[in-house]
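One-based numbering, in listed order, for ligands and for the atoms of each. Heavy-atom basis, side chains included; hydrogens, waters and symmetry copies ignored. It should be emphasised that the depicted structure is a prediction, and the values quoted were computed from it without experimental measurement.
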Amino acid sequence: MQAINASIGFDREMWRQDIRGSLAHAAMLAHVGIISTEDETRIREGLDAIAGEIERGEFPFSEALEDIHMNVEARLTERVGEAGKRLHTGRSRNDQVALDVRLWTRDAIDGLDAQLADTMRALVARAAEHAATVMPGFTHLQPAQPTTLGHHLLAYAEMLHRDRGRLADCRRRLNESPLGAAALCGTGFPIDRHMTAAALGFDGPTRNSLDSVASRDYAIEFLSACAICATHLSRLAEEFVIWTNPYFGFVRLSDAYTTGSSIMPQKRNPDAAELVRAKPGRITGALVGLLTVMKGLPLTYGKDMQEDKEGIFDAAASLSLSLAATAGMVRDMQPDADRLRAAAGAGFSTATDLADWLVRELKLPFRDAHHVTGRLVALAEREGVDLPALTLAQMQTVEPRLHGGVFDVLSVEASVRSRTSFGGTAPDNVAAMAREWQERLG
Ligand code: ARG
């Protein structure tokens, strides 16, 4: 029973939140006269001393005492006697654990938000530096149109910005205090839930005691936001894996984020990127795990809900590592501008520019221009050259009205420069957007 029942092995992670919650509860009990101020002082001093013990690694955690709540309370009573036994008046472990999980999740969100801002700063700084560094843009992982490295990095800044918004939404909704819902129906003691809510930084108390102890949607929402963010990071990580492959050779990751092989001396393995790519496995796993635990669970508290913790702890830690590794890789990476430029021009990547030119200069309908361009690409393919290397005479065999002006749009630089629509790839756009982000992020 003890082995399956105890959660102290993992819920000790919430000791700070548990003590914070108890301090607020004790202060409120004294304020409304349920306990004496002397008892409150003893409780406060006892809890402070316990925090010190835990911090120093001296706290005698006991599996027999099941969880962090019982461990702290039993130790408190050991240290301060009677007063410790009065702490649990007007509350239950059911509202206590719901409070601790909310506080823990809120702290985790604040930490992750700071890391997200840092990762965005790294992306935006490199984007500003590479606003005009031409690289291939892909669809289907096939060469599509030239873009810039700065534009590509800013795409991730947008994603991470939305991830911050999702975490902020989650924080807003979870920021109500369940403390005082007690076991499930509230209590007859004249507690002041508004007071504890305010003391703990909540917007107010939760409004239904049953819901307060029965719900974990904030943890699910947190995991969902983490899973989406981890998925974004995994896409950049996968791009690092591809870009650092010598056949691409687009960027070089620093030694700090790569490893050698124990047998193959030439290897530079992108381990950090691979691990960031892999982390959604466990984070999305935690999301699906908790959704599955909560599904069909009758109101109110069920011990099933003890299974919420390892998932959120692990997801937050995994996402934190992924963000740190991503920020580091982005800051350190060395793009190879020459290879990026050469790759950007390969695969007839300026074919769209050619079609657009035919529309503008020769007034061809776009569908006809698309067809003419297709024939020019086929010609270039037969000749074994890229589009800009065709002679005017060769091009005129396909469309006699073509003139020398066409060469102005066939270079990759001209192609990116022309994409001036809002949100487009033109280096001036990208530089301005990077500046805007730098101002917003400070
Ligand atoms: N360790 C429990 C949990 O994590 C705390 C709540 C226990 N409540 C109870 N009535 N047994 O959910």
Worksheet entry | Cation-pi, W15 ring and R12 (6.0 angstrom, 45 degrees) |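 Judged by the rule, R12 and W15 form no cation-pi pair.
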
Practice prompt. Please answer whether the main-chain N or O of N208 pairs with a side-chain N or O of T206 as donor and acceptor at a distance below 3.5 Å.
Written response: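 Here the side-chain-to-backbone pair does not exist.
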
Worksheet item: Counting only N and O atoms by type, is there a donor-acceptor contact under 3.5 Å from the side chain of S322 to the main-chain atoms of S318?
Response: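 Yes, S322 side chain to S318 backbone: donor-acceptor pair under 3.5 Å.
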
Worksheet entry | Top protein contact for atom 1 (N) of ligand 1, by heavy-atom distance |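 I find the closest protein heavy atom is Q306 OE1, 2.7 Å.
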
Item to complete: Please write down residue, atom name and distance for the protein heavy atom closest to atom 11 (N) of ligand 1.
Response: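 Atom 11 (N) of ligand 1 sits closest to the protein heavy atom R93 NH2, 3.5 Å.
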
Discussion item. Looking at ligand 1, is there an atom of it that comes within less than 4.0 Å of some heavy atom belonging to Q96?
Written reply: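 Heavy atoms of Q96 never come under 4.0 Å of ligand 1.
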
Worksheet entry | ligand 1 N/O within reach of H69 N/O, cut-off under 3.5 Å |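 N/O-N/O distance below 3.5 Å does not exist for this pair.
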
Discussion item. Tell me whether E66 has any N or O atom under 3.5 angstrom from an N or O of ligand 1.
Written reply: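 N/O-N/O distance below 3.5 Å does not exist for this pair.
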
Atoms of ligand 1 close to [X] [distance to a heavy atom under 4.0 angstrom, numbered from 1]:
X    : answer
K309 : 3 (C), 4 (O), 12 (O)
S7   : 1 (N)
N94  : 8 (N), 9 (C), 10 (N)
Y301 : 2 (C), 3 (C), 5 (C), 6 (C), 7 (C), 8 (N), 9 (C), 10 (N), 12 (O)
D67  : 1 (N), 2 (C), 5 (C)

Fill in: Any side-chain donor near an acceptor of the partner, H25 and Q96, under 3.5 Å
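There is no such pair between these side chains.
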
Discussion item. Checking Q145 against S415: is there a side-chain donor and acceptor pair closer than 3.5 Å?
Written reply: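 No, because no side-chain N or O of S415 sits under 3.5 Å from a partner of the opposite role on Q145.
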
Worksheet item: Minimum heavy-atom separation for N269 to S261, with atom names?
Response: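 Minimum heavy-atom separation between N269 and S261: ND2-CB, 4.4 Å.
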
Worksheet item: Above 12 or not: heavy atoms from other molecules or residues under 6.0 Å from CZ of R207?
Response: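 Counting other residues, nucleotides and ligands, CZ of R207 stays at 12 neighbours or fewer.
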
